[in-house]
Amino acid sequence: MMSGPRHCRCQSLDSIKIRDLQDDDYQSYDSSLPSSGQLVINASVTETLTGTTLSSQGLTNFYSHSIKLKFHESTPQFFRPGLTIVARIVVTTQDDKPVDNPRVTVTSSINSDLSASPITVPVSVGIVQFTYFVPNITTDFQLMAACDDPRTSTKVFAHWSLASSQSPSNSFIQLTTTSASAQSSMVLKYRVTSTFLFSELLYQVMARGNVITQGSKTLDCPAESTSLDIAITHDMAPSAQILAYVIKSDGEVVADSLTVSVANAFKNV
């Protein structure tokens, strides 16, 4: 977390002629500064002929690393034993620009066991996606990501912890799609996967606090997965929640949902 402004002890510049200024004159470093934060720079210049002094102040942020590594907000906060999770990781510079050819290594921890082999992949367009299968025995699942900082020759780390979904019968379904954003008039294709057989899938689309559409899909024979097509309309903007659920024979409702960003909020766009 970024602390309040910290002041660096620098030599007074009013005794230095402007033409004699060099980079080394103001590149002093205060060891009491934190590894990242905001630096307040106060500058004063005195004209020798008139004795007039002009002052100004500037702010700048400083960081211990030249890149940022973080898990994308679309990465789930819960895992479902027996199904997969899709984790997305973002790599950028501190001012959110793409990094040239970064490689991210991700290690998974299942029930505090770090024996899983790390996965290293290149990153394209600043984001990388990993898919993990979560075994049925999983009670604790964590992801650790690392990336080399090309400027400091150090590693940047990110951590993501997932909580276990709960079900009286350990029954779960998972709703996935290849895109987290869409435009009106598009048809988004979803996939529903479960840990049990089902013959009917129900769904509901909500936006701005209203139910936009709802329906059901009956399967020809019981299965553990099926597809679901959702037509995107303008009244789903700026975002809509897609809810898919199954009602089991014992009355248990097993559900999952995803949020999709929708552009084109007007009919004539």
Side-chain angles (χ1 to χ4, degrees), residues 68 70-80 83-92 96-98 124-132 134 160 162-167 171-249 251-269:
K68 292 190 295 185
K70 65 179 182 179
F71 283 85
H72 192 269
E73 59 185 11
S74 63
T75 300
Q77 297 181 340
F78 296 88
F79 66 85
R80 296 167 176 81
L83 296 172
T84 61
I85 64 165
V86 176
R88 295 180 177 92
I89 301 172
V90 181
V91 187
T92 64
D96 298 318
K97 294 179 181 178
S124 61
V125 200
I127 191 167
V128 63
Q129 178 174 300
F130 295 83
T131 300
Y132 286 92
V134 182
W160 192 265
L162 293 86
S164 177
S165 297
Q166 302 297 319
S167 166
S171 300
F172 303 100
I173 69 171
Q174 186 173 49
L175 182 64
T176 58
T177 185
T178 57
S179 176
S181 61
Q183 292 186 340
S184 59
S185 76
M186 286 180 56
V187 175
L188 273 187
K189 295 184 177 296
Y190 290 85
R191 190 75 188 171
V192 179
T193 309
S194 71
T195 58
F196 59 95
L197 295 173
F198 64 92
S199 57
E200 185 182 33
L201 175 71
L202 298 96
Y203 64 90
Q204 192 175 78
V205 180
M206 293 164 286
R208 305 179 193 177
N210 300 315
V211 176
I212 305 301
T213 185
Q214 58 186 343
S216 63
K217 179 179 180 179
T218 302
L219 281 63
D220 294 334
C221 58
E224 292 184 342
S225 66
T226 187
S227 60
L228 178 64
D229 293 348
I230 300 293
I232 305 300
T233 59
H234 72 277
D235 48 3
M236 295 180 186
S239 66
Q241 185 179 43
I242 315 298
L243 172 69
Y245 61 100
V246 173
I247 303 177
K248 298 182 64 179
S249 57
E252 180 183 357
V253 178
V254 185
D256 191 18
S257 66
L258 285 178
T259 299
V260 58
S261 299
V262 179
N264 297 356
F266 304 101
K267 291 182 179 180
N268 60 344
V269 176

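Small disclaimer: the values here were computed from a predicted structure and weren't measured. Throughout, numbering of the chain's residues begins at 1 and tracks the sequence.
Side chain of Trp160 to main chain of Pro76: a donor-acceptor pair is present (N/O by atom type, distance under 3.5 Å, no hydrogens or angles). Side chain of Gln166 to backbone of Ser164: a donor-acceptor contact under 3.5 angstrom is found. At distances below 3.5 Å, at least one donor-acceptor pair connects side-chain atoms of Thr75 with backbone N or O atoms of Arg88. Arg80 places no side-chain N or O within 3.5 Å of a backbone atom of Thr195 that could act as its donor or acceptor partner. Using modelled atom types, no side-chain atom of Asp229 and backbone atom of Lys189 make a donor-acceptor pair closer than 3.5 Å. Without hydrogens or angle criteria, Lys68 side chain to Val90 main chain gives no donor-acceptor distance under 3.5 Å. The backbone N or O of Tyr190 lies less than 3.5 Å from no partner atom in the side chain of Thr177, so there is not a single donor-acceptor pair.
Summarising the geometry of Ser171 relative to Lys248, their closest heavy-atom pair is OG-NZ, 2.8 Å, with the distance given to 0.1 Å. Heavy atoms only, all atoms of each residue included: Val192 and Leu175 are closest at CG2-CD1, 3.6 Å. When all heavy atoms of Ala244 and Ile173 are compared, the pair lying nearest together is O-CD1, 3.3 Å. When all heavy atoms of Phe198 and Ser225 are compared, the pair lying nearest together is CE2-N, 4.0 Å. Taking both residues in full, the closest heavy atoms of Ser216 and Tyr203 are given as N-CE2, 3.6 Å, listed atom of the first, atom of the second, then distance.
Side-chain contact annotation: Glu252 with Ser167, donor-acceptor N/O pair under 3.5 Å present. With no hydrogens or angles considered, no side-chain donor-acceptor pair links Thr92 and Lys70 at under 3.5 Å.
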